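Take a look at the structure set out below.
So that the names make sense, note that chain A is the first sequence line, chain B the second, and so on, each numbered from 1. Quick caveat: nothing in here was measured; it's all calculated off a predicted structure.
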2 protein chains.
Amino acid sequence: MRFSSQREAILSYIRGVQSHPTALDIHASVKKSFPSLSLGTVYRNLNQLLEHHLITAIKQDEVVHYDGNISDHQHFRCKNCDSIIDLEFPVRDIVLEHGPRFGHEIHAYELYMTGICKNCKNETK
Amino acid sequence: MRFSSQREAILSYIRGVQSHPTALDIHASVKKSFPSLSLGTVYRNLNQLLEHHLITAIKQDEVVHYDGNISDHQHFRCKNCDSIIDLEFPVRDIVLEHGPRFGHEIHAYELYMTGICKNCKNETK
DNA sequence: TCATAAACAGTAATTATTCCTACTTATCAA
DNA sequence: TTGATAAGTAGGAATAATTACTGTTTATGA
Ligand SMILES: [Mn+2]
Ligand SMILES: [Mn+2]
Ligand SMILES: [Zn+2]
Ligand SMILES: [Zn+2]
């Protein structure tokens, strides 16, 4: 995999935010420093970065969100403000403990939660 | 919510299979008894049934899969044969145990796993 | 420096899903 | 039983995210 300046800019943008941006978000932001950046380039790079496990994708929403934090963590989406928040649950433990008994080879897992976030809960009070 | 014969046929089809069918699968099957059934009707009914919590949706794939089994269970998708298999993990327990400390109101959760299923693993041997 | 594979921008195509419109049907009160 | 009405339907158009295609540019390493 080559490292074009566009690819570098996309990766460093994703790594620099906490917000789990979409392809459109990424395009809008990186376009500021690369005015000619096309959306197709964003998608192509996101797929490349995914293949090389430099980023991960969150697909539960209608739109795919991308995450530069590849550590083992889970996601919570607020139904009110739509933000996606990192949480840490011991999912690995229960997958390792209960997984084997089903006989399948589990390569990856993902716990996704939805509800109302702390902030939104307090604001409506 | 009224219960048209189309709606009833769609629901009973979803309830009668283990396969987590897509809208297209459902349309193809129910069309056999309702030749004029339109795909739009399938989607409209699926969304109605979802709102009334009579079915659930699995959105991790590119295509939405539907599930007539609304009991608390998890899903595993085989990367080889693409089948979606029901599994039971004590996810509820860890969400109840670890959830509250983050301060968000968790309404729903979903553990989704991918890998190679038992059958495909044995076939390639 | 040069050859070449990879990446790029721009645009067209694809595809799942939703929306729209005119018509049909179930429900319920008169 | 009959209308009025709200919900449902079929069929087709529209939407929107993502991917594919094409001709041009660029990174890389011999
Ligand atoms: Mn994250
Ligand atoms: Mn299931
Ligand atoms: Zn919120
Ligand atoms: Zn399989």
Side-chain angles (χ1 to χ4, degrees), chain A residues 1-14 19-67 75 77 79 82 84 112 114, chain B residues 1-14 19-67 75 77 79 82 84 112 114:
Chain A
M1 185 168 64
R2 285 191 195 166
F3 244 74
S4 68
S5 48
Q6 288 94 331
R7 180 161 300 166
E8 200 160 4
I10 288 169
L11 179 54
S12 91
Y13 173 73
I14 298 172
S19 57
H20 307 94
T22 65
L24 244 63
D25 295 334
I26 295 162
H27 184 235
S29 284
V30 180
K31 212 173 161 59
K32 287 171 196 162
S33 20
F34 286 85
S36 71
L37 184 74
S38 75
L39 189 53
T41 294
V42 172
Y43 276 110
R44 183 166 17 77
N45 277 292
L46 289 170
N47 288 332
Q48 284 284 327
L49 295 170
L50 280 172
E51 271 181 39
H52 288 78
H53 302 103
L54 294 170
I55 62 174
T56 60
I58 305 171
K59 295 191 169 185
Q60 278 82 351
D61 217 338
E62 312 75 44
V63 194
V64 180
H65 293 258
Y66 296 88
D67 195 344
H75 293 108
R77 194 190 80 242
K79 284 182 244 180
D82 269 329
I84 294 178
Y112 185 72
T114 54
Chain B
M1 184 168 65
R2 287 187 194 166
F3 245 74
S4 68
S5 48
Q6 290 93 332
R7 181 163 300 166
E8 201 159 3
I10 288 168
L11 179 55
S12 91
Y13 173 73
I14 299 172
S19 58
H20 307 93
T22 65
L24 243 63
D25 295 334
I26 295 162
H27 183 237
S29 283
V30 180
K31 211 175 162 60
K32 287 171 195 162
S33 20
F34 286 85
S36 70
L37 183 74
S38 75
L39 189 54
T41 294
V42 172
Y43 276 109
R44 182 166 18 78
N45 277 292
L46 289 170
N47 289 332
Q48 285 283 327
L49 295 169
L50 281 172
E51 271 180 38
H52 289 77
H53 303 104
L54 294 170
I55 61 173
T56 59
I58 305 171
K59 295 191 168 184
Q60 276 80 354
D61 217 338
E62 312 74 43
V63 193
V64 179
H65 293 258
Y66 296 88
D67 195 345
H75 293 108
R77 192 189 84 243
K79 284 183 246 180
D82 270 328
I84 294 178
Y112 185 72
T114 54

(request) Drop me the distance from Leu11(A)'s CG to Phe3(A)'s CZ, to the nearest 0.5 angstrom. (result) 5.5 Å
(message) Would you say that more than 12 heavy atoms from the other residues, nucleotides or ligands in this model lie under 6.0 Å from the NZ of Lys59(A), or not?
(response) no
(request) Take atom CG of Asn47(B) and atom C1' of dG8(D), then tell me their distance rounded to the nearest Å. (result) 14 Å
(request) Starting from P on dA13(C), measure out to CG on Leu39(A) and report it in whole angstrom. (result) 18 Å
(message) Nearest whole Å is fine: how far is dC8(C) P from Leu46(A) CG?
(response) 11 Å
(message) If you compare every side-chain N and O of Ser4(A) against the phosphate oxygens of dC8(C) (OP1, OP2), does one of them come in below 4.0 Å?
(response) yes
(request) Kindly point out which of dT17(C), dT25(C), dA5(C) is positioned nearest to the side chain of Arg2(A)? (result) dA5(C)
(request) Compare the minimum distances between each of dT17(C), dG8(D), dC8(C) and the side chain of Ala23(B), then state the nucleotide with the smallest one. (result) dT17(C)
(request) Provide, to the nearest angstrom, the distance between the CG atom belonging to Asp25(B) and the P atom belonging to dT17(C). (result) 11 Å
(request) Mind calculating the distance between CG (Asp61(B)) and P (dA16(C)) to the nearest angstrom? (result) 11 Å
(request) Return the 5'-most residue of the pair Gly40(A), Asn45(A) with respect to DNA chain C, ranking by each residue's nearest nucleotide. (result) Asn45(A)
(request) Report yes if a donor N or O on one partner sits less than 3.5 Å from an acceptor N or O on the other, where the partners are the side chain of Arg44(A) and the base of dA7(C); otherwise report no. (result) no
(message) Is it the case that dA7(C) (base atoms only) and Arg7(A) (side chain only) share a donor and an acceptor within less than 3.5 Å, ignoring hydrogens and angles?
(response) no
(message) Using whole Å, what does the distance between atom P of nucleotide dA6(D) and atom CD of Gln48(B) come to?
(response) 16 Å
(request) Verify whether one side chain among Asp25(A) and His65(A) offers a donor that lies under 3.5 Å from an acceptor in the other. (result) no
(message) Under 4.0 Å, counting only non-hydrogen atoms across every strand here, what does Phe3(A) touch: a base, just sugar-phosphate, or nothing?
(response) sugar-phosphate
(message) What is the distance, to the nearest angstrom, from the OH atom on Tyr43(A) to the C1' atom on dA12(C)?
(response) 16 Å
(request) Can you figure out which of dA9(C), dA7(C), dA26(C) approaches the side chain of Thr41(A) most closely? (result) dA9(C)
(request) Determine the minimum heavy-atom distance between Ile84(A) and His20(A), stating which atoms define it. (result) O-ND1, 3.2 Å
(request) Decide whether Ser4(B) and Arg7(B) meet the rule of one side-chain donor and one side-chain acceptor closer than 3.5 Å. (result) no
(request) Could you check whether Leu24(A) gets within reach of a base, just the sugar-phosphate, or nothing at all, counting any heavy atom under 4.0 Å? (result) nothing
(message) Among dT18(D), dT9(D), dA9(C), which nucleotide has an atom closest to any side-chain atom of Ser36(A)?
(response) dA9(C)
(message) What is the distance, to the nearest angstrom, from the CD atom on Gln6(B) to the C1' atom on dA7(D)?
(response) 12 Å
